[in-house]
Each structure stands twice: as structure tokens, then as C-alpha cells.
Amino acid sequence: MSEIYAGVDISAWNGEVDFIQLKAGKLKDIPISFVMIRLGVGKNIDTRAIRNINSALDAGLDVGVYHYTTARTPDEARYEAELVLRTIKDNGFDGKLTLPIAFDIEENEILGLGKEVCTAIVKSFMQTVADENYQPMFYTYAAAYNNNFYKDELKAYPLWIAAYISEKLLNNTFGITDYAMWQFGVAGNPDYDLQVIGKVPGVTGQCDVDYMYENLPAKIKAEGKNVFPSRGVSYTVTVSDIPSKEAAEDILSYARCRGFCGVITENNPPEPEPQPALAVGDRVRMQYGAPIYGTTQEFASWVYSAVLYVREINGNRVVVSTQRTGDITGAVDAKYLTKI
């Protein structure tokens with residue numbers, strides 16, 4: 001572990017945070033460069049999550065989010081993951097979060113369900129996040145990690161471990177060394193501030209403090225996760241059947257906002273290959289600018305970059321959703337959908 005980055009994790013419990021002051025601060029002479037912000041608890045969104053994320057981004061911090069789970073089944077964990085992803089997209093955070101979406105599992109009632117269930121719950125959340133090309137992360141405390149999960153099944157995901165002990169004890173006694181992030185204490189807490197951090201700049205009262213041992217922001221950007229365009233490899237995408245130059249310019253503007261580049265050319269594209277017939281349950285993507293069925297109104301911008309599921313089919317009218325069950329997103333003409 002050669003690189004060490006300092007940061008904090010916060011929630012509504014921390015009240016008003018001065019993120020500019022936080023960004024200018026240090027933990028044990030290491031500049032504070034990142035923050036993990038609680039996005040939700042169970043089926044609810046943290047009351048300060050959106051303003052905290054916006055303020056942290058404005059201050060120039062690397063930002064990730066975590067979700068405190070109340071899920072007792074893999075299906076409930078998948079629902080929570082979809083809630084997190086939907087909240088990120090609805091609030092325009094695609095391509096802005098440079099740290100993972102962490103799954104916080106620590107409640108005794110859940111851990112008591114046994115290794116098989118706990119591992120399945122974590123994997124369900126992780127896979128749902130990964131399917132949307134976001135970087136997932138697994139958070140729990142040291143004793144739970146050793147006793148309540150099949151660790152070999154979770155090695156594919158970065159580990160964020162909570163352990164308010166010395167790192168030597170964590171590594172040698174608990175045998176845990178494979179973590180990307182370590183929550184090492186609660187600054188200002190008389191029992192859990194072992195490194196005597198004291199007050200964290202910009203935060204009133206006690207605050208969880210963390211070290212990160214991988215340059216996760218660079219890794220996420222390089223791999224094109226969290227809706228960042230991948231670096232090091234160039235791709236050419238040709239978009240055809242645009243009804244007007246104005247519509248093409250709108251699409252290009254949307255792409256440029258997400259770090260892509262492009263040009264507009266006039267051509268007569270060949271007839272497209274016939275698309276395979278759609279069926280309920282298929283995963284699809286929607287053509288940018290496709291109108292809501294029977295109207296000229298467009299969907300929210302994030303819909304065009306999301307993986308969608310076919311929920312109903314009636315002739316050329318197809319009802320789609322970002323979820324396999326539950327709320328629907330809307331209806332669109334089948335010609336605007338591509339099966340994936």
C-alpha cells in the first residue's frame with residue numbers, strides 16, 4: 001500500500017458541512033481529497049444527500065456515495081441499488097462521481113441471516129450497480145467481514161473496511177489486508193479516535209475518517225466507469241436517421257457535455273438491418289431524442305443512456321422501465337429501441 005489519500009464519510013447526522021474548508025484541511029498531514037456521502041437508508045434518500053454531493057463537487061473533492069442497507073433478501077438489495085442509480089441519474093450526477101457506490105451492510109439482524117444470504121444480498125446490489133457500468137464497493141466492519149460472508153465470492157469488488165484499531169492489528173490479527181479504503185476512526189470521539197484526529201475542518205462535531213489506498217478516481221475514469229468516457233481507446237459512433245440538423249446539434253451537444261466529441265455530416269445511410277423482434281423482459285437502449293409515444297415530448301435526458309427493460313408490447317407501442325418490476329418509465333415506438 002504505497003499511496004494514501006485522506007477523506008471522510010458523512011450523512012445528514014453531520015448537519016451543515018463547509019466543503020470548501022474541508023477540502024483545504026488535512027488528516028495527519030495528508031490533504032483531504034475525498035468524501036463518501038450517504039445517499040440513502042433502505043428505501044429512503046438521505047435528507048441532505050443531494051445538497052451534500054453538489055457542494056462537495058463544487059469544492060473540488062472526489063465524491064462517492066454509500067447506501068446503508070436494510071435489505072433482507074437479494075431482491076430488496078436490487079431494489080435499493082436501482083433506487084440509488086435512479087437518484088444519481090435524476091439529479092445529473094452521471095459522469096461526476098469519481099468514487100464508487102458503496103453498499104453498507106452492518107445491521108445485526110441482517111448479518112444474523114447467515115453467510116449464504118448475506119453474500120447473496122451483497123452480490124445482488126453489486127451486480128445491479130455494475131450492470132449500469134458504475135463502480136460498486138462493499139462496506140462492512142472487520143469482524144463481520146471475517147464471519148458473515150463468503151469472502152471469495154466478493155473479491156471482485158473493492159472493500160471498504162471499518163476497524164477502529166491499529167492497522168497492524170487489522171492486518172495481522174484479523175488477517176484483513178485486501179481493502180481499498182479503511183474507515184479507521186471517528187474523529188473527536190473519546191473512544192474511537194485512536195489516531196487523535198480531533199476536529200475535522202469544515203465539520204461540526206464527530207466525523208468518520210478514512211484512508212484510501214488506491215487511486216480509485218483515476219481507475220474509474222480510465223475504465224470509463226460512472227459514465228466517464230474511457231481513456232486510451234478511441235471509438236467512432238455514427239448516428240443515422242436524424243430528422244434535422246437542429247436535432248443532430250442537440251444530440252452532439254448532449255454528447256459533448258459528457259466528454260465526447262464529434263462532427264455532423266450529411267449523408268444517405270443504407271437501409272438499416274432489420275431488428276430482432278422484441279419480447280417482454282428484453283434489455284434495450286433507446287435512440288437519443290426518441291419522443292414519448294403519441295407525443296412530440298422527449299424523455300428525461302438520462303433515459304437515453306440507461307439500460308431499459310421491455311415491460312409491455314402492444315403493436316409498435318412498447319412500455320419500458322429502468323426496472324424489471326415496479327414503476328415504469330414510459331412508452332415509445334418500437335423503432336426507437338435496440339435490443340442488447
Side-chain angles (χ1 to χ4, degrees), residues 9-13 36-46 49 64-89 93 97 99-164 170 174-183 208 210 216 220 225-226 281 283 306-307 309 321-327:
D9 57 278
I10 65 168
S11 69
W13 290 107
M36 296 292 292
I37 294 173
R38 189 177 73 179
L39 187 62
V41 178
K43 296 180 180 180
N44 300 303
I45 299 302
D46 186 297
V65 298
Y66 71 95
H67 183 80
Y68 186 98
T69 187
T70 60
R72 267 62 175 172
T73 67
D75 282 345
E76 289 179 358
R78 176 182 53 78
Y79 175 88
E80 291 183 358
E82 290 173 344
L83 171 65
V84 169
L85 291 163
R86 192 161 60 248
T87 302
I88 288 171
K89 294 178 182 299
F93 296 136
L97 302 180
L99 290 173
I101 296 174
F103 185 57
D104 179 347
I105 179 168
E106 56 181 280
E107 285 196 1
N108 289 333
E109 291 182 10
I110 302 174
L111 297 174
L113 296 173
K115 280 188 175 183
E116 184 173 350
V117 174
C118 288
T119 303
I121 287 172
V122 174
K123 290 172 69 175
S124 178
F125 187 98
M126 299 286 112
Q127 190 59 52
T128 304
V129 170
D131 283 347
E132 291 296 320
N133 202 31
Y134 262 85
Q135 177 62 61
M137 175 182 267
F138 168 39
Y139 170 99
T140 194
Y141 59 91
Y145 180 65
N146 279 345
N147 298 321
N148 298 93
F149 304 94
Y150 291 117
K151 293 189 285 186
D152 286 347
E153 296 185 28
L154 302 175
K155 284 184 176 179
Y157 311 113
L159 173 64
W160 179 14
I161 197 74
Y164 307 154
L170 175 63
F174 281 85
I176 301 174
T177 59
D178 55 346
Y179 45 91
M181 197 179 291
W182 172 34
Q183 186 186 81
D208 295 340
D210 306 90
L216 291 176
I220 285 170
K225 300 289 181 64
N226 296 11
R283 286 158 53 97
V307 174
Y309 297 90
S321 172
T322 57
Q323 307 175 66
R324 292 186 178 90
T325 60
D327 296 339

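Looking at every heavy atom in both residues, L170 comes nearest to A163 through CD1-CB, 3.8 Å. What you find for G281 and Y309 is that their closest heavy atoms are O-CD2, 4.2 Å. Across every non-hydrogen atom of A71 and I110, the tightest pair is O-CD1, 3.5 Å.
Shown here is N147, whose CG atom has more than 12 heavy atoms of other residues, nucleotides or ligands within 6.0 Å.
Residues L97 and I220 are not in side-chain contact: their nearest non-hydrogen atoms beyond the backbone lie 4.5 Å or more apart. Side-chain contact check for V307 versus D131: every heavy-atom pair is 4.5 Å or farther apart. In this structure, the side chains of P100 and K225 stay at 4.5 Å or more apart for every pair of heavy atoms. No side-chain heavy atom of F93 sits less than 4.5 Å from a side-chain heavy atom of V65. Contact check for F174 versus I161: no side-chain heavy atoms found under the 4.5 Å cut-off. Taking the side chain as every heavy atom from C-beta outward, R324 and R78 approach each other to under 4.5 Å.
A donor-acceptor distance shorter than 3.5 angstrom exists from the side chain of R72 to the backbone of T70, with no hydrogens or angles considered. Of the possible polar contacts, none joining the S124 side chain to the A77 backbone as a donor-acceptor pair under 3.5 Å is found. Although no hydrogens or angles enter the test, the distance criterion places a donor-acceptor pair under 3.5 Å between the side chain of D210 and the main chain of D9. In this structure, H67 contributes its side chain and G42 its backbone to a donor-acceptor pair below 3.5 Å. Panel note: side chain T87, backbone L83; a donor-acceptor pair is recorded below 3.5 Å.
With rounding to the nearest 0.5 Å, the separation of CG in N133 from CG in N226 is 8.0 Å. Distance check: Y157 OH to F138 CZ gives 11.0 Å after rounding to the nearest 0.5 Å. To the nearest 0.5 Å, atom CE of residue M137 and atom CG of residue L159 are 7.5 Å apart.
One side chain, E80 or T69, offers a donor N or O that lies under 3.5 Å from an acceptor on the other. A side-chain donor-acceptor contact under 3.5 Å links K151 and N146.
With sequence neighbours left out, the ring pair (Phe, Tyr, Trp, His ring centres under 6.0 Å) criterion links Y68 to no other residue.
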Worked verdict on T140 versus F103 for side-chain contact (heavy atoms from CB on, under 4.5 Å): CA-CA 8 Å; T140 194; F103 185 57; over 6 Å; no
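Ring pair Y66/W160 is perpendicular by interplanar angle, where above 60° counts as perpendicular and below 30° as parallel.
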